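One structure below.
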Amino acid sequence: MEAGGLLDSFIYGACVVFTLGMFSAGLSDLRHMRMTRSVDNVQFLPFLTTEVNNLGWLSYGALKGDGILIVVNAVGAALQTLYILAYLHYCPRKAKVVQTKSTQCLSYPLTIATLLTSASWCLYGFQLRDPYIMVSNFPGIITSFIRFWLFWKYPQEQDRNYRLLQT
């Protein structure tokens, strides 16, 4: 196998793995909502924006005939729909990061997954020389860095009970 083909396979694989990992990161939020019967510390906006993103990319994948885009975004759209329905079922109100000066409702693993996913899809678009893929995934990189900044500015406080267990 030539070096370019190996690199392409690696990038395609990274896109699929990171994307499916990012979509499944919401499963922990789903479990939390079901167990607590509330949306305590779960943010709605990432579910909504990812759903819209999935539907757009699913359409683009279908137009282009790109099987990777179709499969990954069909799975993502199905999962995001599930997360949104659960959130709407359990949601009495919404929390705001800047107003509360707390990042407790943000998911650090989801932020990392979003950065890795967006960066891998940008590389995928670069390999294909497809500016639509590159440009549309760039905001995911930017928003991830904004969330990292929010985590730095408003660090999460450890659970008091967890701290007691550590001592």
Side-chain angles (χ1 to χ4, degrees), residues 1-35 39 41-89 97 103-156:
M1 178 176 260
E2 65 183 63
L6 184 62
L7 179 61
D8 289 349
S9 295
F10 178 75
I11 291 173
Y12 303 158
C15 288
V16 171
V17 169
F18 289 148
T19 303
L20 293 177
M22 180 184 74
F23 296 155
S24 64
L27 291 172
S28 62
D29 289 335
L30 179 64
R31 186 183 60 205
H32 175 75
M33 288 186 285
R34 288 192 66 219
M35 289 176 67
V39 294
N41 298 330
V42 176
Q43 196 174 26
F44 178 74
L45 190 58
F47 297 144
L48 180 63
T49 56
T50 304
E51 176 75 350
V52 171
N53 189 33
N54 285 140
L55 295 174
W57 281 110
L58 183 58
S59 300
Y60 180 70
L63 287 172
K64 192 172 177 178
D66 188 319
I68 292 174
L69 289 175
I70 293 169
V71 170
V72 166
N73 287 291
V75 170
L79 285 172
Q80 298 309 315
T81 299
L82 176 66
Y83 302 153
I84 287 170
L85 291 174
Y87 189 95
L88 293 175
H89 179 71
V97 172
T103 55
Q104 214 162 4
C105 65
L106 291 179
S107 170
Y108 196 77
L110 181 59
T111 302
I112 292 170
T114 301
L115 177 63
L116 293 173
T117 301
S118 298
S120 64
W121 280 107
C122 280
L123 286 172
Y124 178 75
F126 182 78
Q127 288 295 108
L128 295 178
R129 292 182 174 82
D130 189 330
Y132 296 107
I133 295 175
M134 288 185 289
V135 170
S136 60
N137 280 285
F138 194 69
I141 295 171
I142 299 299
T143 58
S144 294
F145 282 116
I146 290 170
R147 282 184 262 159
F148 283 130
W149 178 78
L150 287 170
F151 281 111
W152 173 78
K153 184 163 176 70
Y154 308 119
Q156 291 182 346

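Keep in mind the model is a prediction, meaning the values are calculated, not measured.
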Practice task
Please list, chain by chain and in numerical order, all residues satisfying side-chain hydrogen bond (donor to acceptor under 3.5 Å, both in side chains) with Thr81, sequence neighbours excluded.
Solution key: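 Glu51.
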Practice task
Could I get the full list of side-chain hydrogen bond (donor to acceptor under 3.5 Å, both in side chains) partners for Thr19, not counting sequence neighbours?
Solution key: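 Thr19 satisfies side-chain hydrogen bond (donor to acceptor under 3.5 Å, both in side chains) with Trp121 only.
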Got a sec, which pairs hit salt bridge (charged side-chain N to carboxylate O under 4.0 Å, His left out) with one end in [range], sequence neighbours left out?
range	answer
residues 120-138	Lys64-Asp130
residues 65-89	none
residues 68-81	none
residues 104-115	none

Exercise for the section: List in chain and number order the residues that pass side-chain contact (heavy atoms from CB on, under 4.5 Å) with Ala25, two or more places apart in sequence or in another chain; answer none if no residue qualifies. Expected result: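 With sequence neighbours excluded, Ala25 shows a side-chain contact (heavy atoms from CB on, under 4.5 Å) to Leu110, given in chain and number order.
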Exercise for the section: Sequence neighbours left out, what passes ring pair (Phe, Tyr, Trp, His ring centres under 6.0 Å) with Tyr60? Give chain and number order. Expected result: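 Ring pair (Phe, Tyr, Trp, His ring centres under 6.0 Å) list for Tyr60, sorted by chain: Trp57.
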Handout entry: Point-to-point distance, once rounded to the nearest 0.5 Å, from CG of Asn53 to CG of Leu48
Key =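 The CG atom of Leu48 is 11.0 Å from CG of Asn53, to the nearest 0.5 Å.
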Problem - salt bridge (Lys or Arg N to Asp or Glu O under 4.0 Å) partners of Lys153, counting only residues at least two apart - result: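 By the salt bridge (Lys or Arg N to Asp or Glu O under 4.0 Å) rule, Lys153 matches no residue at all.
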Just list the side-chain donor-acceptor pairs under 3.5 Å for residues 144-151, sequence neighbours left out, or say none.
{"from": "Ser144", "atom 1": "OG", "to": "Leu115", "atom 2": "N", "distance (Å)": "3.3"}
{"from": "Ser144", "atom 1": "OG", "to": "Gly140", "atom 2": "O", "distance (Å)": "2.8"}

Can you give the donor-acceptor pairs under 3.5 Å from side chains of residues 131-139 to other protein atoms, not counting sequence neighbours?
{"from": "Ser136", "atom 1": "OG", "to": "Tyr132", "atom 2": "O", "distance (Å)": "2.6"}
{"from": "Ser136", "atom 1": "OG", "to": "Ile133", "atom 2": "O", "distance (Å)": "3.4"}
{"from": "Asn137", "atom 1": "ND2", "to": "Ile133", "atom 2": "O", "distance (Å)": "2.9"}

Problem - Mutual orientation of the aromatic rings belonging to Tyr83 and Phe47 [parallel < 30°, tilted 30-60°, perpendicular > 60°] - result: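 Plane angle between 30° and 60°, so tilted.
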Atom pairs and distances, side-chain donor-acceptor, residues 68-78, under 3.5 Å, sequence neighbours left out:
{"from": "Asn73", "atom 1": "OD1", "to": "Asn54", "atom 2": "ND2", "distance (Å)": "2.9"}
{"from": "Asn73", "atom 1": "ND2", "to": "Leu69", "atom 2": "O", "distance (Å)": "2.9"}

